[in-house]
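Supplied in structure tokens, the structure appears directly below.
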Amino acid sequence: LHAVSALQVAAMVAAKMLRLSRTEVLALGALAGGAALAFALWRRGRQATGSGESGVKKAATPVAELPVIDLGRFLSRDEDPAAAQAECVKAAVAMRKYGALVVRDPRVNQEENERFLDMMERYFAMSDGVRDARPEVAYQVGVTPGGVEKPRDHSLLYDRYNVKDRPVTEAPPGADPKWRFFWRVGPRPESTKYPQLAAEKVIPDEFPEWEEVMDTWGKLMLRALHDVAGMVAEGFGLEPGVFQRLMENGPHLLAPTGSDFSKHAELNKALAGFHYDLNFLTIHGKSRFPGLFIWLRDGTRARAVVPEGGLLVQAGKQMEYLTGGQVQAGFHEVVVSPETLQTIRHKERIGDSLWRVSSTCFGHIASDNVLEPLGPFRTPDALEKYPAVEAGEMVGNELRAIKLDAE
């Protein structure tokens with residue numbers, strides 16, 4: 001607070017020139033010091049919270065304190081059944097309370113995530129957004145360029161949140177500037193009423209390593225999701241394996257997004273607008289740029305930070321269906337935050353890619369399976385709110401709502 005001492009010295013000099021008494025000198029010095037202190041504190045507050053202009057968050061957003069689930073205990077349950085069961089209950093409670101959790105899977109090699117991110121940065125930087133796009137199947141394989149997907153309008157929910165917890169996404173939302181690539185993971189069904197959800201993969205010619213990199217990371221992510229689904233089912237007291245059986249031959253997608261910070265680097269710019277995921281469970285590996293914000297069930301907006309060696313799992317709309325709303329599909333958005341800007345500046349200095357790639361995989365219920373509340377979740381209220389519907393029909397409705405399917 002150098003301004004305090006500087007103003008006090010100036011006051012002392014002025015007092016001497018004006019020949020004030022000792023008491024008057026002390027009073028003038030204290031007044032000057034107080035004014036300088038107030039100015040310094042105000043300036044520090046502006047630097048910490050932004051300019052105070054409309055749309056800029058006034059307070060720091062907390063980091064989501066999500067339960068961490070040890071998948072290793074579930075995988076080695078024969079050694080300690082009680083510990084495995086406790087971890088299953090912990091996973092179910094986390095899903096009910098937060099709609100999200102962090103999982104540690106000892107089988108996941110983070111080096112594979114780095115290979116995946118490296119390749120996707122190069123792909124998004126060279127893609128024209130046309131050759132590898134498949135709009136005829138609602139972009140469910142291949143690339144989706146920016147400006148196509150448009151989130152549902154959830155602006156009526158905004159007033160339910162405290163001001164500090166409201167989305168940055170404009171209301172009503174525009175189309176997302178993010179790009180996406182969908183890569184099928186796992187076997188396709190032999191037959192289905194929903195062929196556009198089982199379309200052939202798209203392989204860019206410029207990347208001879210494409211299939212190996214995508215399949216390796218996609219299978220690691222899907223395997224973790226598959227076992228988390230098993231843990232959550234057991235934790236809720238459902239029939240063991242019920243979620244996993246419903247997932248068999250589902251239209252699972254490795255689904256990296258790409259956001260170009262050479263074009264979209266404005267504070268509070270929404271890259272992926274406020275939305276929920278339409279699938280069953282979503283899993284994220286660690287991205288190289290921050291910016292993912294999630295809403296907890298109590299309405300708190302929190303920064304989602306994926307710890308080293310961890311994976312973030314979120315509930316989607318299909319999980320909400322199967323649990324009769326006991327687990328809610330979690331809302332989230334990806335925006336340019338102050339932390340994002342810091343990372344952008346660092347990447348610019350060292351010459352790294354300015355594409356933000358998400359390490360995302362969507363786990364689905366198989367398209368021809370029926371979504372409806374299961375077991376203890378089959379209450380009259382739940383059955384009325386979540387009437388039976390085939391997963392493929394539900395997904396189709398959602399794709400039309402977010403402008404990916406033009407039919």
Side-chain angles (χ1 to χ4, degrees), residues 55 98-100 133 135 137-140 144-162 165-182 194 196-197 251 253 255-259 264 268-282 284 291-297 299-302 304 314-325 327-336 358 360-365 367 371 384-387 389-407:
Y98 301 105
V137 293
Y139 296 96
Q140 291 307 287
T144 306
V148 173
E149 184 175 347
K150 183 179 179 181
R152 283 179 178 267
D153 183 1
H154 297 290
S155 55
L156 292 178
L157 299 177
Y158 285 22
D159 288 340
R160 298 184 186 179
Y161 298 120
N162 294 326
D165 295 314
R166 288 178 185 165
V168 168
T169 303
E170 63 184 13
D176 287 343
K178 75 174 189 303
W179 291 50
R180 171 94 74 185
F181 197 99
F182 275 156
Y194 306 96
Q196 76 170 7
L197 301 181
L253 295 166
T257 60
S259 300
H264 307 290
N268 289 337
K269 174 74 174 179
L271 306 170
F274 182 68
H275 69 287
Y276 58 77
D277 288 342
L278 60 87
N279 52 294
F280 177 56
L281 286 173
T282 301
H284 302 274
L292 174 61
F293 291 80
I294 66 175
W295 273 259
L296 307 182
R297 192 154 182 172
T300 300
R301 180 181 187 263
Q314 292 177 279
K317 202 65 175 180
Q318 293 176 348
M319 170 68 85
E320 183 176 322
Y321 249 87
L322 295 173
T323 62
V327 176
Q328 292 283 305
F331 281 97
H332 48 288
E333 65 183 357
V334 179
V335 303
V336 178
S358 72
T360 304
C361 183
F362 294 139
H364 278 259
I365 299 302
S367 302
L371 296 171
E384 181 179 356
K385 188 173 182 180
Y386 300 98
V389 61
E390 289 185 348
E393 180 182 349
M394 175 264 186
V395 169
N397 293 337
E398 292 284 341
L399 293 177
R400 284 185 285 277
I402 60 176
K403 311 304 180 187
L404 289 182
D405 190 344
E407 295 181 0

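Residue numbers count from 1 along this sequence.
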With a 4.5 Å heavy-atom cut-off, do Y158 and P167 have their side chains touching? yes
Shortest non-hydrogen pair, L371 vs A391, comes out as CD1-CA, 3.8 Å
About how many Å separate CD1 of I402 and CG of L278, when rounded to the nearest 0.5 Å? 6.0 Å
Output all residues satisfying salt bridge (Lys or Arg N to Asp or Glu O under 4.0 Å) with R152, sequence neighbours left out; order by chain, then residue number. E398
Determine whether a donor-acceptor pair (N or O, by modelled atom type, separation under 3.5 Å) exists between the side chain of D176 and the backbone of K178. no
Test item: T144 and L404 side chains (from C-beta on) under 4.5 Å apart, heavy atoms: yes
State which residues pass side-chain contact (heavy atoms from CB on, under 4.5 Å) with A302; sequence neighbours excluded, sorted by chain then number. A64
Is the side chain of T169 donor-acceptor paired with the backbone N or O of A270 at a distance under 3.5 Å, no angle test? no
Go through the steps to decide whether N279 and L253 satisfy the test side chain to side chain contact (heavy atoms under 4.5 Å, CB included), and finish with yes or no. CA-CA 10 Å; N279 52 294; L253 295 166; over 6 Å; no
With Q328 via side-chain contact (heavy atoms from CB on, under 4.5 Å) - residues at least two apart: R297, E320, Y386
Note, M319 side chain near F280 side chain (heavy atom, < 4.5 Å): yes
Atom of P145, atom of Y139 and distance for their closest heavy-atom approach: CD-CE2, 4.2 Å
Nearest 0.5 Å, please: how far is CG in L271 from OG1 in T257? 8.5 Å
Nearest heavy-atom approach of S155 to A171 is CB-CB, 3.2 Å
I'd like to know if the side chain of Q140 and the backbone of A138 have a donor-acceptor N/O pair within less than 3.5 Å. yes
For a quick check under 3.5 Å, do E390 and Y194 share a side-chain donor-acceptor pair by atom type? yes
Between H332 and G330 (side chain of the first, backbone of the second, donor and acceptor by atom type, cut-off under 3.5 Å), is there such a pair? yes
What pair of heavy atoms forms the shortest contact from G174 to P151, and how long is it? O-CD, 3.5 Å
For the pair D165 (side chain) and T300 (backbone), establish whether a donor and an acceptor sit closer than 3.5 Å, ignoring hydrogens and angles. no
Output for pair (E149 CD, L399 CG), nearest 0.5 Å, gives 9.0 Å
Spacing of CZ belonging to R166 relative to CG belonging to L157, to within rounding of 0.5 Å: 11.5 Å
Which value, rounded to the nearest 0.5 Å, describes the distance between K317 atom NZ and D277 atom CG? 11.5 Å
Indicate yes or no: at least one non-hydrogen side-chain atom of E333 is less than 4.5 angstrom from one of W295. yes
In this structure, OG1 of T360 is separated from CZ of F182 (nearest 0.5 Å) by 9.5 Å
Between F331 and H154, is there a side-chain heavy-atom distance shorter than 4.5 Å? yes
Any side-chain heavy-atom pair of V168 and K269 under 4.5 Å: no
Taking side chain as C-beta onward, heavy atoms only, is V148 less than 4.5 Å from R180? no
